[in-house]
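Taking it in order: structure first as C-alpha cells, then the write-up.
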Amino acid sequence: MNTQISRPISRRGAIAGVGGLLAAGAVAQIATSSSAGAAGPPRPLGIGSSGYHVEQFQLAMNANGFWCGTVDGQFGELTQQAVYAVQKTHGRPRTGKIDLALWDSGLARVRARSRYSYTGIEIDKTRQLLLVVSGGYVQVALNTSTGNGSRFYYSGRWYTAVTPSGTYRINRYGSNGWDYGALGGLWRPRYFNGGIAVHGSNFIPPYPDSHGCCRLSTRAQNYLLASGREQMGSYVRVY
C-alpha cells in the first residue's frame, strides 16, 4: 500500500469542481492517504458516529466514486448510503456500518466497474446499485432501491412492482420538487420508461422496495442533476 501521504487532507479538500468531481491525479492521491497504515475503529461505526475513522472512510469513498457529500467526520444518512454502495459493489453484508473487517478490506478505495463501455446510467438490480458511467469508467456509484416484485393496485388495475430490464433514454422530466400521487412522493423525477423514473426519496433501503422506480436519496438526486448526469436523452441501462 502506498503510504507516501502521512496526514489526511483537509475535510473539505475532497470536494472539488461541479458536483464534487475530482481530477484523476487528485483522486489517486487522496485514495492512497485514506486510512493508510491506520488502525481501524474499535467498534462498528454507524448513524451518529463521528471522528477520525468516519472522516477517513468518507475521504476514501468520495475519492473513489462512492459519493457521501461533504467530508466532515459525521456519520449521517449520506455516509450510510455510501457505505451501502461500497458493500453492495463488493459483495459485503449490507449493514450500512463501518466495522473493522470493512475498514481493513480497503474496499472503499476500489472503484465500482461498469458492465458496458458506454456513457450513461446503469442500474444493477441484482446489487441494487445505480452507476454513473463515462466511457465505461464509473464516476459515481450510489445505493438505489428498485421494484420489490409485490402486487399493487393503482388506477383501477393490478400491477407487479418490477423495474424492467433494457436500454432506455430519459424522455420526461417531473417537477423540480416533490411529485405526489397515489403511490407516494417522488423527488425531482426523471422518467425513462413510461411511469418509471430515477427519483429522490426519503427512504432508500439496501434492498428492493419500490413500485418500479429507482430511488435515490433526495440529496443524491440533487447532486446528479446539478452535475448534468440526468439530462433529457441520457441513456439508462437496466439489468
Side-chain angles (χ1 to χ4, degrees), residues 19 46-47 66-69 76-89 94-96 112 115 120-133 140-239:
I47 294 289
F66 302 105
W67 182 75
C68 62
E77 175 262 341
L78 286 185
T79 297
Q80 182 187 61
Q81 290 292 305
V83 171
Y84 280 143
V86 172
Q87 291 171 332
K88 289 179 172 187
T89 295
R94 303 172 181 184
T95 65
R115 177 179 289 190
I121 293 171
E122 292 182 21
I123 297 168
D124 183 335
K125 293 187 290 183
T126 299
R127 294 187 295 172
Q128 292 289 284
L129 284 169
L130 184 146
L131 308 178
V132 178
V133 184
V140 186
L142 298 168
N143 178 47
T144 192
S145 180
T146 62
N148 63 12
S150 67
R151 296 284 287 170
F152 66 95
Y153 192 75
Y154 174 71
S155 191
R157 291 181 56 189
W158 283 97
Y159 296 88
T160 301
V162 297
T163 308
S165 298
T167 300
Y168 310 94
R169 286 178 182 264
I170 292 176
N171 55 54
R172 179 164 60 94
Y173 290 174
S175 73
N176 203 33
W178 286 104
D179 281 356
Y180 288 103
L183 300 179
L186 285 65
W187 175 254
R188 304 181 74 182
R190 297 299 183 259
Y191 295 90
F192 61 86
N193 180 13
I196 296 177
V198 176
H199 68 82
S201 172
N202 288 325
F203 181 60
I204 316 91
Y207 50 82
D209 190 61
S210 82
H211 292 98
C213 287
C214 303
R215 297 181 191 167
L216 302 173
S217 71
T218 56
R219 291 167 68 185
Q221 181 71 341
N222 290 343
Y223 167 71
L224 292 187
L225 292 174
S227 58
R229 293 184 173 90
E230 287 184 290
Q231 298 179 350
M232 191 71 74
S234 295
Y235 280 102
V236 180
R237 180 164 284 180
V238 184
Y239 54 86

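The first residue in the sequence is number 1, and the count goes up from there.
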Shortest non-hydrogen contact between Leu131 and Ala141, atoms and distance:
CD2-CB, 3.6 Å

Let me confirm one number: the OG-CZ distance from Ser234 to Arg169, rounded to the nearest 0.5 Å.
8.5 Å

Do any N or O atoms from the side chain of Lys88 and from the backbone of Thr144 form a donor-acceptor pair under 3.5 angstrom?
yes

When every non-hydrogen atom of Tyr239 is compared with those of Ser165, the smallest separation belongs to CA-OG, 3.9 Å

Does the side chain of Phe66 come within less than 4.5 Å of Thr89's, by heavy atoms?
yes

May I ask you to decide if Met232's main-chain N or O and Tyr173's side chain share a donor-acceptor pair within less than 3.5 Å?
yes

Parallel, tilted or perpendicular: which describes the rings of Phe203 and Tyr207, with under 30° parallel and over 60° perpendicular?
perpendicular

Got a second to check how far Arg219's CZ is from Leu224's CG, nearest 0.5 Å?
13.5 Å

Counting neighbours of OH on Tyr235 that are heavy atoms of other residues, nucleotides or ligands and sit closer than 6.0 Å, is the number greater than 12?
no

Could you walk me through whether Val238 and Thr146 pass the side chain to side chain contact (heavy atoms under 4.5 Å, CB included) test, one step at a time?
CA-CA 10 Å; Val238 184; Thr146 62; over 6 Å; no

State, with a plain yes or no, whether a side-chain heavy atom of Trp178 is found less than 4.5 Å away from one of Thr218.
yes

Looking only at atom types and distance, does a side-chain atom of Gln87 sit under 3.5 Å from a main-chain N or O of Pro206, one as donor and one as acceptor?
no

Give a yes or no on whether the backbone of Gly147 and the side-chain of Thr163 come within a donor-acceptor separation of less than 3.5 Å.
yes

Minimum-distance pair of heavy atoms, taken over all atoms of Ser145 and Ile204
N-CG2, 4.0 Å

Minimum heavy-atom distance between Ser217 and Leu78, given as atom pair plus value:
OG-CD2, 3.7 Å

Taking the side chain as every heavy atom from C-beta outward, state whether Ile123 and Val198 have any atom pair closer than 4.5 Å.
yes

Please check this pair: side chain of Ser175 against backbone of Gly177, looking for a donor-acceptor N/O pair closer than 3.5 Å.
yes

Main-chain N/O of Arg127 paired with Asp124 side-chain donor or acceptor, under 3.5 Å
yes

Side chains of residues 182-190: which donor-acceptor partners sit under 3.5 Å, not counting sequence neighbours?
from	atom 1	to	atom 2	distance (Å)
Trp187	NE1	Asn222	OD1	2.8
Arg188	NE	Asn176	OD1	2.8
Arg188	NH1	Asn222	OD1	2.9
Arg188	NH2	Asn176	OD1	2.8

Distance from Thr79 atom OG1 to Ile47 atom CD1, nearest 0.5 Å?
7.5 Å

Arg157, CZ atom: more than 12 neighbouring heavy atoms under 6.0 Å:
no

Just say parallel, tilted or perpendicular for the rings of His211 and Phe152, cut-offs at 30° and 60°.
perpendicular

Flag side-chain contact, heavy atom, 4.5 Å: Gln128 against Arg94:
yes

Which heavy atom in Leu142 sits nearest to a heavy atom in Ala85, and how many Å separate them?
C-CB, 4.1 Å

Using distance alone, with no hydrogens and no angle criterion, decide if Arg229 and Ser227 have a side-chain donor and acceptor under 3.5 Å apart.
yes

Verify, without hydrogens or angle tests, whether Ser201 (side chain) and Leu216 (backbone) share a donor-acceptor contact under 3.5 angstrom.
no

Taking all non-hydrogen atoms of both residues into account, name the closest pair between Thr160 and Gly149 and its distance.
CG2-O, 3.6 Å

